[in-house]
Amino acid sequence: MAKWKVVISDYEFPSLQPEEEVLSHGDIEFIKKQCRTEDEVISACQEADGIITQYAPFPKKVLDALPKCKVISRYGVGVNTIDVEVASKHGIVVSNVTDYCMDEVSDHAFALILAAARKVAFLDRTVKKRVWDFNEGRPIYRLRGQTLGLLGFGKIPQTLALKAQAFGLNIIAYDPYADDRSARDYNVELVDLSELCRRSDFISVHAPLTESTRGMISTEQFEQMKTTAFIINTARGPVIDEKALVVALEENRIAGAALDVVEEEPISPQSQLLDMDQVILTPHIAWYSEESQAELKRKTAENVLRVLSGRNPDYFFNQHLIGSPRIKLSESHV
């Protein structure tokens, strides 16, 4: 009989081979589910020792109903689907994978910057409407010498900064948790949010979704931005107040937006963003490559195996649980 029960609450991958290989441990029973509601998660996971999750909800109601759970490992960087404070009170380790797609997201963000700056998507649609006239793209400004503002300065925006500098962009960043030394190492100037909005020709959003970041780019920030500025988001949709964004675009307060994420996903067929020529949309794909997907899946499963084996996960979101009397973990982060 298996010693541990590991449940995957939901997934959108065609194969779970990497997870199955990691969890092929003889002491583990690996159960696959597709939960969408809180009640479905409770029903599927109430006897689980470890949980892998993608989008399923883990609020207080669910976490209170998981008496055996030692670890919840989420695919991806963000943990906004999990009430981490409640999980911590229950002694549940919350883990994520912070480094699997640094190149993919930074590449995608810069692709959106280039597409916005050169109006690639708009001109593609124009030509396909049988209009061959470069004047349709006016005005376009030289990229070199413009300013890219990074909202957040973690690993992904740091990687983006290096790539953008090769194109001659000046880089500034707003991140209340960033230190001057790391900024100097990347030749990036740290500024406050208002200055970021005022000075940037492009703002690239890389902030996690928390209560403090939800809607942090709203009417006040759009009013501070240049009328020629673009906003790019490859992080989480709700960091931008979408209603305020639509108004800013309608009133030409900013030049455009390039979004890989939106407030409601999949995007609503009624979204006004779908009908705006100055908006570029991609379907939350910035994280994806065949290589990054395989790495994500393997590392997410390894987090669970390490905790069940009495070790720290490689990616430990609520690290203050080290030494928790409920879970036997090593005393140092491995």
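Between Q272 and E250, the side chains place a donor N or O and an acceptor N or O closer than 3.5 Å (distance only, hydrogens not considered). There is a side-chain donor-acceptor pair under 3.5 Å between Q270 and S268. Side-chain atoms of T282 and H284 include no donor-acceptor pair closer than 3.5 Å. Side chains of H206 and D175: no donor on one and acceptor on the other come within 3.5 Å. S9 and T53 are linked by a side-chain donor-acceptor pair at a separation below 3.5 angstrom, with hydrogens and angles left out of the test.
In terms of heavy-atom proximity, A56 sits nearest to C35 at CB-O, 3.9 Å. Considering every non-hydrogen atom in both S88 and L321, the closest pair reads O-CD2, 3.6 Å. In terms of heavy-atom proximity, T219 sits nearest to R253 at CG2-NH1, 3.7 Å. For the pair A121 and I280, the tightest heavy-atom approach, listed with the atom from each and the gap, is CB-CG1, 4.0 Å. Closest approach of V93 and P313 over heavy atoms only: CG1-CG, 3.9 Å. Scanning both residues, T159 and K155, for their nearest heavy atoms gives OG1-O, 2.8 Å.
Heavy-atom neighbours of K33 NZ from other residues, nucleotides or ligands within 6.0 Å: at or below the threshold of 12. Atom CD of E136 has more than 12 heavy atoms from other residues, nucleotides or ligands within 6.0 Å. Heavy atoms of other residues, nucleotides or ligands lying less than 6.0 angstrom from CD of Q17 number 12 at most.
A continuous path of ILVMFWY side-chain contacts below 4.5 Å connects F30 to V304, so both sit in one hydrophobic cluster. Linking ILVMFWY residues whenever their side-chain heavy atoms come closer than 4.5 Å, directly or via other members, places L162 and I113 in the same cluster. Under a hydrophobic-cluster definition in which Ile, Leu, Val, Met, Phe, Trp and Tyr are linked whenever side-chain heavy atoms come within less than 4.5 Å, directly or via other members, L259 and M225 are assigned to the same cluster. Residues F202 and F167 are members of one and the same hydrophobic cluster, defined by side-chain heavy-atom contacts under 4.5 angstrom among Ile, Leu, Val, Met, Phe, Trp and Tyr. Hydrophobic cluster membership differs between I267 and I232, with clusters built from Ile, Leu, Val, Met, Phe, Trp and Tyr side chains linked at under 4.5 angstrom.
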### Residue pair S292, S289: steps toward the side chain to side chain donor-acceptor pair (under 3.5 Å) verdict
CA-CA 5 Å; S292 67; S289 71; 3.2 Å; yes

### Task
Please test D10 against E40 for side chain to side chain contact (heavy atoms under 4.5 Å, CB included), starting from the C-alpha separation and ending with a verdict.
CA-CA 10 Å; D10 62 303; E40 288 174 346; over 6 Å; no

#### Entry: Test side chain to side chain contact (heavy atoms under 4.5 Å, CB included) applied to V94 and F58, step by step
CA-CA 11 Å; V94 176; F58 284 84; over 6 Å; no

### Task
Determine, step by step, whether V188 and Q165 satisfy the side chain to side chain contact (heavy atoms under 4.5 Å, CB included) criterion, reporting the C-alpha distance in whole Å, the side-chain angles of both residues, the deciding distance to 0.1 Å, and the verdict.
CA-CA 10 Å; V188 170; Q165 286 165 347; 4.1 Å; yes

### Query
Please walk me through it: do K163 and D107 pass salt bridge (Lys or Arg N to Asp or Glu O under 4.0 Å)?
CA-CA 8 Å; K163 295 173 181 178; D107 285 350; 2.6 Å; yes

### Task
Determine, stepwise, if the pair S95 / R74 fulfils side chain to side chain donor-acceptor pair (under 3.5 Å).
CA-CA 6 Å; S95 62; R74 187 176 186 277; over 6 Å; no

### Message
Determine whether I92 and I51 satisfy the following criterion, side chain to side chain contact (heavy atoms under 4.5 Å, CB included), listing intermediate values before the conclusion.
### Response
CA-CA 10 Å; I92 298 172; I51 297 168; over 6 Å; no

### Query
Between T210 and N80, does a side chain to side chain donor-acceptor pair (under 3.5 Å) hold up when you go through it step by step?
CA-CA 7 Å; T210 65; N80 50 288; over 6 Å; no

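Between Y75 and F13, the gap from one ring centroid to the other is short of 6.0 Å. Ring to ring, F153 and Y177 are not that close: their centroids are 6.0 angstrom or more apart.
Residues F110 and L112 have side chains not in contact (no heavy-atom distance under 4.5 Å, counting atoms from C-beta outward). Side-chain contact between I171 and L150 is present, with heavy atoms from C-beta onward closer than 4.5 Å. The side-chain heavy atoms of Y100 and Q293, taken from C-beta on, include no pair separated by under 4.5 Å. Using a 4.5 Å cut-off on side-chain heavy atoms (C-beta onward), V97 and V77 make no contact. Within the 4.5 Å cutoff, the side chain of R214 has no heavy atoms near those of the E263 side chain. Two residues are said to be in side-chain contact when any heavy atoms from C-beta on lie closer than 4.5 Å; L148 and L160 meet this criterion. Considering only heavy atoms from C-beta on, L273 comes within 4.5 Å of E242 through its side chain. Inter-residue side-chain proximity for Y11 and L16 is flagged as met; some heavy-atom pair is nearer than 4.5 Å.
Although no hydrogens or angles enter the test, the distance criterion places a donor-acceptor pair under 3.5 Å between the side chain of K119 and the main chain of G137. Between the side chain of D241 and the backbone N or O of K243 there is at least one donor-acceptor pair closer than 3.5 Å. Judged by distance alone, the side chain of S73 and the main-chain N or O of N303 form no donor-acceptor pair under 3.5 Å. A donor-acceptor contact shorter than 3.5 Å is absent between the side chain of E251 and the backbone of A248. Without hydrogens or angle criteria, N96 side chain to V79 main chain gives no donor-acceptor distance under 3.5 Å. Between the side chain of N252 and the backbone N or O of A255, no donor-acceptor pair lies under 3.5 Å. In this structure, the side chain of N318 does not engage the main chain of H320 through any donor-acceptor pair within 3.5 Å.
Salt bridge K226/D201: present, at least one basic N to carboxylate O contact under 4.0 Å. Between D314 and R306 a salt bridge is recorded (basic side-chain N to carboxylate O distance below 4.0 Å). Under a 4.0 Å N-O distance rule, the pair K297/E19 qualifies as a salt bridge. Ion pairing of D49 with K3 is absent here, as no side-chain N (NZ or NE/NH1/NH2) approaches a carboxylate O to less than 4.0 Å.
Rounding to the nearest 0.5 Å gives a distance of 10.0 Å between OH of Y55 and OG1 of T81.
For the side chain to side chain contact (heavy atoms under 4.5 Å, CB included) criterion with I52, the lone passing option out of V71, I72, L23 is L23. In summary, of the residues considered (V205, L209, V239), a side chain to side chain contact (heavy atoms under 4.5 Å, CB included) with M216 occurs for V239 alone.
A search for salt bridge (Lys or Arg N to Asp or Glu O under 4.0 Å) contacts involving R118 returns nothing, not counting sequence neighbours.
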Could you give the side-chain donor-acceptor pairs of residues 192-200 under 3.5 Å, partners two or more places apart or in another chain?
| unit_1 | atom_1 | unit_2 | atom_2 | d |
| --- | --- | --- | --- | --- |
| D192 | OD1 | S194 | N | 3.3 |
| D192 | OD1 | E195 | N | 2.8 |
| S194 | OG | Q224 | NE2 | 3.4 |
| E195 | OE2 | R199 | NH1 | 2.7 |
| R199 | NH1 | E189 | OE1 | 3.3 |
| R199 | NH1 | E189 | OE2 | 3.2 |
| R199 | NH2 | E189 | OE1 | 3.0 |
| S200 | OG | G149 | N | 3.4 |
| S200 | OG | L196 | O | 2.6 |

